[in-house]
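Worksheet for the structure shown next.
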2 protein chains.
Amino acid sequence: MEERGGYGQFCPVAMAAEILCTRWTTLIVRELLCGTTRFNDLRRGVPRMSPSLLSKRLKELEKAGVIATVRSAGGSVEYRLTPAGEELGPIVMAMGFWGQRWVESTLSLKNLDPSLLMWDMRRKLNPEPLPPGRCTIQFQYPELPPARQNWWLVIEDGNVDLCGFDPGYELNLLVRCSLKTMTAIWMGLTVVRTEIEAGRLELDGDPSIANSMQRWLGLSPFAAESRRVPDPTGRFSELA
Amino acid sequence: MEERGGYGQFCPVAMAAEILCTRWTTLIVRELLCGTTRFNDLRRGVPRMSPSLLSKRLKELEKAGVIATVRSAGGSVEYRLTPAGEELGPIVMAMGFWGQRWVESTLSLKNLDPSLLMWDMRRKLNPEPLPPGRCTIQFQYPELPPARQNWWLVIEDGNVDLCGFDPGYELNLLVRCSLKTMTAIWMGLTVVRTEIEAGRLELDGDPSIANSMQRWLGLSPFAAESRRVPDPTGRFSELA
DNA sequence: CTGCATCCTCTTCGATACTG
DNA sequence: CAGTATCGAAGAGGATGCAG
């Protein structure tokens, strides 16, 4: 009768919170909502989580009816949201919009991570403004240690690949800026043109690709939400 | 640079989850959204939470900008939601509706608690169908230990008071049923008439008050949401 | 390589008791 | 009334190992 981890309340908010409001769980659901299904792909979305804890959480989510494991051909397991899990989408989105509105951008920008940023950008990149054929774009963050400085996005046939090493293709554009600048653009706190004019962003390569960067660069799903808290530095305030 | 409790992600979902998805926090916000402002009233809404942890969470919520403490006359402290905190309302409600839809009712009904139920009922009771003047209604849960068996709601001038002891007023209605039955009615899993006809609910007293019970008894805010998971017992399935 | 299980350390939580 | 203090228990993180 002594439920250890639970709240001991029949209220549906409490029942939902027992499932959702444990550490990392919301972020796992976010990844699943983005379409990730494999264990090691999920790990890319929550890199600071230990694999054993991820495994435990996935079991908990399965028991709660939020996900179902599907054994696909080849013996590998896929984790997929059930209808109940899909209906968590609006809740996770609402949390994101709330975070975008009310959490100080300086706080968000203390949590920079190039692999998370590039992984997100890969997902949302819009190939439409790019020329047909293969297109290779390098991102360079000079202040980072060498192993994390350089990233490549390769767009081909509407498909976007992310590399942490030089894929060897001819480069169409080199983007050079600080990780903070690129993250701020991604989050909608500033725009490409502003950062170029301020000298914080450099583009080298095909001018038409450079000029359309703001369009092919997808933004965070929450970028459009207007901030309600000021940025103390004033650098990322009130941009449309 | 090593954030211990955080996720290390700039994503607004992660920033919001750092604030909201710690143990008990969502339930504290739920209480505040219901209008509770005092420390010991908050404790009634989260009785299994230790006061030291509640104190810690309130400080965290204040630092996050979700609540503000107001020192009222008499030196006592009130906790009030900020605009940011008020905007958590839709998220908490969405979690409740999700819980009502997707969490098995048998699971919810394992977490029975008469003080929580009566506290919730007090909040939502609708005095309008009741006769003018004072009205005293006793709830009796015979299977509980004596100290928690009897509860009184006293309605006067549109005001609802809850007592755990006999207030001494003339009784207008005695409601006798199991705590599970009353909780199921409150959650919208069944209705007064069904439980009376099944012999699981007895009403003694003023017939007009008895007959209007389904109307004056407010229901859980989530009662209208339709279940999507079956109740294995079949007792609480598919009721409008 | 994927998907964990184990072991160990450190942090957090819960129950109770106790103050201004 | 509104919290703090204390201490044992549970949970989280990191490193490592291992089977398919």
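Chain naming here is simple, since letters A, B, ... match the order of the sequence lines and numbering starts at 1 in each.
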Please figure out whether A:T22 or A:P51 has its closest DNA chain D nucleotide nearer the 5' end.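 Its nearest nucleotide lies further toward 5', so the answer is A:T22.
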Would you please name every residue forming a side chain to side chain donor-acceptor pair (under 3.5 Å) with B:Q140, sequence neighbours left out?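 Applying side chain to side chain donor-acceptor pair (under 3.5 Å) to B:Q140 gives B:N150, B:R176.
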To the nearest Å, how far apart are [X] [atom1] and [N] [atom2]?
{"X": "A:Y7", "N": "D:dA10", "atom1": "OH", "atom2": "C1'", "result": "15 Å"}
{"X": "B:M49", "N": "D:dT4", "atom1": "CE", "atom2": "P", "result": "13 Å"}
{"X": "B:F39", "N": "D:dG3", "atom1": "CZ", "atom2": "P", "result": "6 Å"}
{"X": "B:W24", "N": "C:dC13", "atom1": "CH2", "atom2": "P", "result": "11 Å"}
{"X": "B:R43", "N": "D:dA2", "atom1": "CZ", "atom2": "P", "result": "11 Å"}
{"X": "B:D41", "N": "D:dG3", "atom1": "CG", "atom2": "C1'", "result": "15 Å"}
{"X": "B:E18", "N": "C:dT12", "atom1": "CD", "atom2": "P", "result": "13 Å"}
{"X": "A:L27", "N": "D:dA12", "atom1": "CG", "atom2": "P", "result": "14 Å"}

Measure from the side chain of [X], starting at C-beta and using heavy atoms only, and say which of [options] lies closest.
{"X": "A:S50", "options": "C:dG3, C:dG14, D:dG13", "answer": "D:dG13"}
{"X": "A:N40", "options": "D:dA2, C:dG14, C:dT2", "answer": "C:dT2"}
{"X": "A:R23", "options": "D:dA12, C:dG14, D:dA15", "answer": "D:dA12"}

List in numerical order all residues of residues 53-65 of chain A for which some heavy atom is under 4.0 Å away from an atom belonging to DNA chain D.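 Here the set is A:L53, A:K56, A:R57.
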Taking atom types as modelled and ignoring hydrogens, do the side chains of B:W98 and A:E87 form a donor-acceptor contact shorter than 3.5 angstrom?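 Side chains of B:W98 and A:E87: no pair found under 3.5 Å.
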Would you say A:S105 and A:S108 are linked by a side-chain donor-acceptor pair, where the criterion is simply a distance under 3.5 Å?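 A:S108 vs A:S105: no donor-acceptor pair found between side chains.
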If you compare every side-chain N and O of B:R38 against the phosphate oxygens of D:dA2 (OP1, OP2), does one of them come in below 4.0 Å?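 Answer yes for this pair, as a side-chain N or O of B:R38 is under 4.0 Å from OP1 or OP2.
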Is there a side-chain contact between B:Y79 and the phosphate of D:dG3, meaning an N or O under 4.0 Å from OP1 or OP2?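 Yes.
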If you count every heavy atom of other residues, nucleotides or ligands that lies below 6.0 Å from B:E170 atom CD, does the total exceed 12?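 Open: at most 12 neighbouring heavy atoms sit under 6.0 Å from CD of B:E170.
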Are the side chain of A:Q138 and the backbone of A:W151 linked by a donor-acceptor contact shorter than 3.5 Å?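 Here the side-chain-to-backbone pair does not exist.
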Please list every donor-acceptor pair under 3.5 Å in which a side-chain atom of residues 60-68 of chain B meets a protein atom from a residue at least two apart or in another chain.
{"from": "B:E60", "atom 1": "OE1", "to": "B:R57", "atom 2": "NH1", "distance (Å)": "3.1"}
{"from": "B:E60", "atom 1": "OE2", "to": "B:R57", "atom 2": "NH1", "distance (Å)": "3.3"}
{"from": "B:E62", "atom 1": "OE2", "to": "B:T69", "atom 2": "OG1", "distance (Å)": "3.4"}

Look at all strands and tell whether B:S76 reaches a base, only sugar-phosphate, or nothing, counting heavy atoms closer than 4.0 Å.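 Counting heavy atoms under 4.0 Å across all strands, the contact made by B:S76 is with sugar-phosphate only.
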Stepwise side-chain hydrogen bond (donor to acceptor under 3.5 Å, both in side chains) test for B:T22 and B:T25: CA-CA 6 Å; B:T22 51; B:T25 304; 2.5 Å; yes
